[in-house]
Amino acid sequence: MVYSSSMNRSILAGISSPDDVKKLTIPESNRLAQEIRKKIIEVVGTNGGHLSSNLGVVELTIALHRVFSSPRDLFVWDVGHQSYTHKLLTGRYDRFPTLRKKDGLSGFPKRSESPHDAFDTGHSSTSISAAFGILSARRLTGDSGKVIAVIGDGALTGGMALEALSHAGQGKNDLIVILNDNKMSISPNTGALSEYLSRLTMGASYQRFKYRVDRAVRHIPLLGETVARIIHRIKRGVKGILFKDNLFVDLGFEYVGPLNGHNIEELEKVLRDVRALNRPVVVHVLTKKGKGYSLAENDPSAFHGIGPFCISDGKVEKFDTTSFTEAFSRTLVDLAAGDPRIAAITAAMAKGTGLAPFQHRYPERFFDVGIAEQHAVTFAGGLAAGGMKPVVAIYSTFMQRAVDQVIHDIALQSLPVVFALDRSGAVPDDGETHQGIFDIALFRSIPGISILTPASVCEMRLMLTWALAQDTPVMLRYPKGACPTEQDAFSLPLVEGRGVFTHQDGADTVIVATGGIYPEVHEASNMLARQGNPVDNYVLRFIKPLDAAFFVAAMKPYQNVVLVEDAVETGGIAEHLASLLSTELPQCNVATLAFDEIFYPQGTRAEILASAGLSSAHIADAVRKLRAAVAEGRSR
């Protein structure tokens, strides 16, 4: 492919595969980087997405594709929220405007989307394990292609990444690990590992010496074995003087870096040397999150995962409503003012979980443990055992990573830890890896744990207050979205195990719902009422414990019960209630609506709920069908 030298001709638009990237000169590659940043900002500004992380790896991704040959050489992107440049360089430019839209490009790597995506990712700290597994399989089957894991310093705080480094460093293999060091995960990195990486950047003097010597040695003809050994010992001696400690070297890796992650030419030179190595290597690259867009550079956390925004000023459209996350945040800050034992824990997501105000107000009681959900849970157990009242705020999808800790370290000891599971239910835009639909099935069977589902701002305050007063573990699960208009019932006092009727006119049918799906249930009820088919509404409040006798008595007046749950049906509360009703009220006609046991792709909340049969229209239709089936049965 021939590129015009005219500055008006787009280089990016002419890239149909990584082979085209290899044909560019360095100046053209730098211009390509500018075009990629412009395209990413444009599309994320329209669709929303992960901006800061992608802007930080543009030159690094270009250099990787210029040196290695995808898909013969495979890249595994940790988390995968920084793979936009990779997508643009691997034949997906024309589809890039569909990013994160229904039936469009995923915001993460996806094997079904392209042969250039080696492994599906979406959660943190998995890349080294996956890459080493792929590499091992390749060598066992005689494939000589390289495998490269690209992991950020934030993801390196996850224990799984360290486990993988320990394993991969033991053997004779040529795994390449690119450590993208930007001092950030989602929030600024904290902890000893972050400080350690900062110290590693002081080792640049040794790396400059090493590569100058290596380049000189390669030009020495007929280098004898004795001379080679002497040169190797000199390098090790200099290394001992300039760079005494290195975790990666101690684990069995070669260490290269730190390198300027925004200098394509420098990166290429080093990566070509690394490609020739036949042993595991860590390449330490320094990048700036949000590079090239000043607003994101100045506040990378705000532009990590962002909705559609105005590119000129970075402003996101605001709505005059309170989100569940904001309701949780305000309540927690208020309650902490009156109780010095309340502490808050996040796994590198202070802003996303709403804990940033708590961090600002009570820094001594705030703990950001990094991307380490398992540690967060057990650490909270330790706090509780020591007399504190810890609140652990983690997205539902990430809470999956700490199931054993909840069982073994919290529930088994009946420790009073409160878990705030944000993003439960349908989660827009991020796709299969981020849906919060498995938490009820995962945690409902655990002895001694309470699970509540607030449906409004008022219920959030009631439930968090109740949770902090317990001497046993409690989970609150709530969706990503705006809280609905308050109903009088939402301000009623909590009674353990019982829900509330938000609408009760003596209809023959009642819709029973978890709190997160209440807005859709309310809308469905309004639809039916306008058609002359009124229904009553009952919001569960408690998933567990359940006052079964109270629930059965509440359902007894109804001929038809429609159970609606914003989680998977298998193992969920709707399945349990349906079984209870079939035993206790066999004359009652029951329909269950919940997520199927599948992985739901990306889309808006409305699109995801519609695909699961959980939209307002689907709920209303389920009521009509149940009534029609009952009427038809009677007429026979």
Side-chain angles (χ1 to χ4, degrees), residues 10 12-18 20 32 35-55 57-58 61 65 70-71 75-123 150 293 296 303-311 316-317 352 395 397 423 425-437 479-481 595-596 598-615:
S10 169
L12 177 58
I15 300 295
S16 60
S17 77
D20 296 328
L32 173 63
E35 292 184 15
I36 287 172
R37 282 198 170 88
K38 182 179 178 181
K39 189 67 175 179
I40 290 174
I41 294 169
E42 171 191 308
V43 171
V44 175
T46 301
N47 297 1
H50 292 93
L51 186 63
S52 299
S53 53
N54 281 287
L55 294 180
V57 297
V58 174
T61 308
H65 276 293
S70 177
F75 301 105
V76 180
W77 301 88
D78 207 283
V79 186
H81 62 332
Q82 79 284 49
S83 62
Y84 294 1
T85 299
H86 168 74
K87 289 175 182 279
L88 285 167
L89 299 181
T90 52
R92 286 170 271 186
Y93 171 79
D94 290 341
R95 295 189 64 206
F96 197 66
T98 71
L99 185 76
R100 302 175 82 238
K101 295 296 185 182
K102 188 176 186 297
D103 301 323
L105 289 182
S106 170
F108 299 91
K110 208 169 190 178
R111 295 173 67 205
S112 61
E113 188 177 285
S114 170
H116 296 281
D117 292 356
F119 201 82
D120 290 11
T121 50
H123 289 186
V150 184
Y293 182 52
F303 288 87
H304 171 77
I306 190 170
F309 65 95
C310 177
I311 294 173
V316 179
E317 185 177 1
Y395 290 1
T397 184
R423 273 65 166 176
V427 177
D429 306 323
D430 286 329
E432 295 91 334
T433 57
H434 282 59
Q435 301 301 345
I437 62 177
K480 178 182 182 180
F595 284 99
D596 290 327
I598 63 173
F599 295 108
Y600 285 86
Q602 68 205 36
T604 63
R605 173 182 168 87
E607 288 169 340
I608 295 166
L609 291 178
S611 67
L614 288 168
S615 68

Query raised in the report: Between OG1 of T98 and NZ of K101, what distance do you get to the nearest 0.5 Å?
Result: 10.0 Å
Report summary line: Heavy atoms of P18 and S70 approach each other most closely as CG-O, 4.1 Å
Query raised in the report: Relative to the ring of F309, is the ring of Y293 parallel (under 30°), tilted (30 to 60°) or perpendicular (over 60°)?
Result: tilted
Could you list the donor-acceptor pairs under 3.5 angstrom formed between side-chain atoms of residues 425-432 and any protein atom two or more places apart in sequence or on another chain?
| from | atom 1 | to | atom 2 | distance (Å) |
| --- | --- | --- | --- | --- |
| D430 | OD1 | R100 | NH2 | 2.9 |
| E432 | OE1 | K110 | NZ | 3.3 |
| E432 | OE2 | K110 | NZ | 3.1 |

Query raised in the report: Does T397 reach the side chain of T433, with side-chain heavy atoms less than 4.5 Å apart?
Result: no
Query raised in the report: How many angstroms lie between atom CG of D117 and atom OG of S106, to the nearest 0.5 angstrom?
Result: 8.5 Å
**Report entry** H50 ring center within less than 6.0 Å of F108 ring center
**Finding:** yes
**Report entry** Within-4.5 Å side-chain heavy-atom neighbours: L51 and I41
**Finding:** yes
Query raised in the report: Parallel, tilted or perpendicular: which fits the ring planes of H86 and W77, with parallel below 30° and perpendicular above 60°?
Result: tilted
Requested in this report: Assess whether side chain to side chain contact (heavy atoms under 4.5 Å, CB included) is satisfied between F96 and I40, documenting all intermediate values.
Outcome: CA-CA 9 Å; F96 197 66; I40 290 174; 4.2 Å; yes
Query raised in the report: Under the side chain to side chain contact (heavy atoms under 4.5 Å, CB included) criterion, do H65 and T90 qualify, and how do the steps go?
Result: CA-CA 9 Å; H65 276 293; T90 52; 3.7 Å; yes
Requested in this report: Might you point out which heavy atoms bring G603 and I608 nearest each other, and give the distance in Å?
Outcome: O-CD1, 3.6 Å
Report task. Any chance you could measure L614, atom CG, to D596, atom CG, to the nearest 0.5 Å? Result -> 8.5 Å
Report task. Walk me through it: do L12 and I36 pass the test side chain to side chain contact (heavy atoms under 4.5 Å, CB included)? Result -> CA-CA 7 Å; L12 177 58; I36 287 172; 3.9 Å; yes
Query raised in the report: Can you tell me if S53 uses its side chain to pair, donor with acceptor, with the backbone of H81 under 3.5 Å?
Result: yes
Query raised in the report: Short question: side chain of K87, backbone of R95 - any donor-acceptor pair under 3.5 Å?
Result: no
Query raised in the report: Looking at side-chain heavy atoms only, is the closest gap between L105 and L99 below 4.5 Å?
Result: yes
Requested in this report: With sequence neighbours left out, write down each residue that passes side-chain hydrogen bond (donor to acceptor under 3.5 Å, both in side chains) with K480, or none if nothing qualifies.
Outcome: none
Query raised in the report: So do the side chains of Y93 and I15 get within less than 4.5 Å of each other, counting heavy atoms only?
Result: no
Query raised in the report: Can any side-chain N or O of E113 pair as donor or acceptor with the backbone N or O of R111 at less than 3.5 Å?
Result: no
Report task. Can you see which heavy atom on G107 is nearest to which on Y84, and at what distance? Result -> O-CE1, 3.5 Å
Query raised in the report: Looking at L55 and A296, what are the two nearest heavy atoms and their distance?
Result: CD1-CB, 4.4 Å
Report summary line: Closest non-hydrogen contact found for R423 with G352 is NH1-O, 3.2 Å
Query raised in the report: Ion pair present between E42 and K39, side-chain N to carboxylate O less than 4.0 angstrom?
Result: yes
Query raised in the report: Mind checking whether I306 and V44 have side chains closer than 4.5 Å, heavy atoms only?
Result: yes
Query raised in the report: Can the ring centroids of Y395 and H434 be said to lie less than 6.0 angstrom from one another?
Result: no
**Report entry** Beyond-backbone contact of N54 with V58, side-chain heavy atoms, under 4.5 angstrom
**Finding:** no
Report task. Give the intermediate values and the outcome of side chain to side chain contact (heavy atoms under 4.5 Å, CB included) for residues L609 and F595. Result -> CA-CA 8 Å; L609 291 178; F595 284 99; 3.9 Å; yes
